[in-house]
Amino acid sequence: MRFTKAFIPTLKESPADAEVVSHRLMIRAGMIRKLASGIYDLLPLGLKAIRRVETIVREEMDRADAQEVLLPVVLPAGLWKESGRWELYGKELLRLKDRGDREFCLGPTHEEAITDMVRREVRSYRDLPLNLYQIQIKFRDEMRPRFGLMRAREFIMKDAYSFHATDECAEREYENMRQTYTRIFHRCGLEFTCVEAETGTIGGSFSHEFMVLADTGESSIVVCQACGYSANTERAEIAPPRTPPAPAEKGEPPGEVHTPGKKGVDEVAAFLGVSPEQLIKTLIFTTEQGPVAACVRGTEEVNPEKLKRAAGVETVELADDRTIEEATGGAAGFSGPVGLLKVPVIADYSVMDMKDAVTGANKRDYHLVGVTPGVDFNPTYMDIRVAKGGDPCPRCSTAMILKRGIEVGHIFKLGVKYSESMGALFIDESGRERPIIMGCYGIGIGRTVAASIEQNHDEAGIIWPAPLAPYHVHLLPVNMNDEKTRKKADSLYETLRMEGYSVLYDDRDIGAGIKFKDADLLGMPLRLTVSGRTLKEDSVEIRKRRSGSQELVHLDEVVAFLERFLRGVEERPSMNP
RNA sequence: CGGGGCGUGGCGCAGUCUGGUAGCGCACCUGCUUUGGGAGCAGGGGGUCGGAGGUUCGAAUCCUCUCGCCCCGACCA
């Protein structure tokens, strides 16, 4: 592509509202423009990068025997009511009505749509297994879109759904997809890791996330460097203390202290002159089976998903003030585990070895001091806190370290959540009718591009890994007014195109400085500079964007050089993006 | 949804407190010079100051409402 014909509006300054580097660079490089909050135009360069990821995803999904389909963006409400998610999904589901007042939504994900398609055709175990995928625009009305394509409301996603007659088969496919994803992100040139994750609103029995490691990532994960255990902090389990504490001695009974209006952990700690570590935080949750009290050390957070499992309930939600008063007999903000008889008390391992702690007194404006678990109250000990750096690994008790990541892929073993509610059934070998066992597997395409930039850039701009680069080569004649330079550049452009390389040819008649700055910003893996200086040697200067190393290469050797370079950096060269 | 902030040529901003001719840098157009890291000189075009209403002789500036956007927070692929 000749730059003079291209639509690549680069910016010297970055817009004030771009917070993270990938967002900034994508705007400055003329890849995207914002149309509304979380909604972006994809300009030619941005689309090319997206397409390169899509191509890799297609090739690998096809290789894994998945088949591509394309489901509608606008989905009838009926399907979502069948699965129960019309009510459950909440405000992220953008609902709309047609002229006949019929309800629809914009698909934020497509379990319902695909399950409907499959249930109408699949009758027998002989029709299974199936893995169907699409690369489609999704819409989620995010409460807070940000960071450009990283967290947009409208975004492109590859989503795949698999259907199986048996659990073993579904789990084989899960593993197949795990390997496929590993290949995909590897081919994209990303540094990533696969971690255990929560299933969230998608549901299902277990899941893994693929995280691109980056400091700007919105997800935190913990990693055990000793045994390799890694998980999203929303999910990560924490080992109990290695040695149970010796039974505490019966000391003074807890004493009440007056703490007028002091509610939060920090307020109370500051007021009493103790560290937040000395506090036991007690939160009252409501569940479908009534309220429960959850205790964690003052410096920890309760993980609601863990609490659900610990309490054996389906839903947990922070209780309102009235419920708290009924359950504890005291005011909200002054709850504590001592003397709580009406509700079950679940305490995190982090309170196990505390002594002389501070807790709420279940009485407005009062706290208890000198509270010792095991003496003054006897909770059930479970792992219910949110993991953080330093917590012991659930497998080997080594201290785990905290990292940040960008979630680019997520795979789920769904089980029968959708097939059961929507009646996607098949007849098994013994003639019994059973729900199809499902899995689902997503990749954020735009987010993968953003993550790549987040991981590959410098002060001057983007540094594309060759497999994602919109063009292989940035051809840069220093002076288009110089007859010889222009002619050689023209013919080199034609030659390289004939050889199958994609070339961005900066044929603009402007200062060389601008061209160099743009070349750095746009970040193609190789820059070929043509000038009177290089032509004296019948050569061009080839500069590698990533290393900055450059050398003079004879005109006759250029093609061979490119071939060597791209074969070296691309795992599987695909020369026509 | 709660808290904070911002809307002034395409982009980045000043001007608003204290009402009185709408400015700066970059970008853009024309000409000449320049051509290895965002060039120089000369000339030029472009703004309902987010929108509506109000106060005033007079509003970018003060008041009210409204729309949009950003940041922080609240169980998000």
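Nothing here was measured: the structure is a model prediction, and the numbers come from that model. Naming: A, B, ... by sequence-line order, numbering from 1 per chain.
Residue contacts shown for A/Asn303 are absent, as no nucleic acid heavy atom lies under 4.0 Å away. Nucleic acid contact for A/Asp518: base, since at least one base atom lies under 4.0 Å from a heavy atom of the residue. Note on A/Arg33: nothing from the nucleic acid sits closer than 4.0 angstrom, heavy atoms only. Counting any heavy atom pair closer than 4.0 Å across all strands shown, A/Met211 reaches no nucleic acid atom. Contacts of A/Leu476 with the nucleic acid, taken as non-hydrogen atoms under 4.0 Å apart, are absent.
Under a 4.0 Å N-O distance rule, the pair A/Arg235/A/Glu209 does not qualify as a salt bridge.
Base pairing analysis places B/G73 opposite B/C1; the two distances defining the Watson-Crick or G-U wobble pair are each below 3.5 Å. The base-pairing partner of B/U56, taking Watson-Crick or G-U wobble contacts with both distances under 3.5 Å, does not exist among the strands shown. In this structure, B/U61 makes no Watson-Crick or G-U wobble pair, since no nucleotide meets both defining distances under 3.5 angstrom.
The side-chain heavy atoms of A/Ile184 and A/Lys158, taken from C-beta on, include no pair separated by under 4.5 Å.
The side-chain hydrogen bond (donor to acceptor under 3.5 Å, both in side chains) search around A/Ser350 returns A/Asp348, not counting sequence neighbours. With sequence neighbours excluded, the residues forming a side chain to side chain contact (heavy atoms under 4.5 Å, CB included) with A/Thr4 are A/Arg2, A/Asp507, A/Arg508, listed by chain and number. Partners of A/Tyr493 according to the ring pair (Phe, Tyr, Trp, His ring centres under 6.0 Å) rule, which considers only residues two or more places apart in sequence or in another chain, are A/Tyr505. Listed by chain and residue number, A/Arg486, A/Lys487 satisfy the side chain to side chain contact (heavy atoms under 4.5 Å, CB included) test with A/Glu483 (two or more places apart in sequence, or in another chain). Under the side-chain hydrogen bond (donor to acceptor under 3.5 Å, both in side chains) criterion, A/Thr115 pairs with no residue, sequence neighbours left out.
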Is there any protein nitrogen or oxygen under 3.5 Å from a nitrogen or oxygen in nucleotides 24-29 of chain B, and what are the pairs?
| residue | atom | partner | partner atom | Å |
| --- | --- | --- | --- | --- |
| B/G25 | N2 | A/Glu13 | OE1 | 3.0 |

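Ranking B/G36, B/G37, B/U35 by closeness to the A/Thr534 side chain, first place goes to B/G36.
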Revision key, fill the gap. Given protein heavy atoms under 4.0 Å, the one-letter contact record of nucleotides 69-76 of chain B, with B base, S sugar-phosphate only and - none, is simply SSSBBBBB
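Residue pairs meeting the salt bridge (charged side-chain N to carboxylate O under 4.0 Å, His left out) criterion with at least one member in residues 6-29 of chain A, sequence neighbours excluded, are A/Asp17-A/Lys34. Every pair passing salt bridge (charged side-chain N to carboxylate O under 4.0 Å, His left out) that includes a residue from residues 294-307 of chain A is listed here, sequence neighbours excluded: A/Glu277-A/Arg297, A/Lys281-A/Glu301, A/Arg297-A/Asp353, A/Glu300-A/Arg385, A/Glu300-A/Lys388, A/Glu305-A/Lys308, A/Lys306-A/Asp383.
Remark: the A/Thr529 side chain and the B/G36 base include no donor-acceptor N/O pair separated by less than 3.5 Å.
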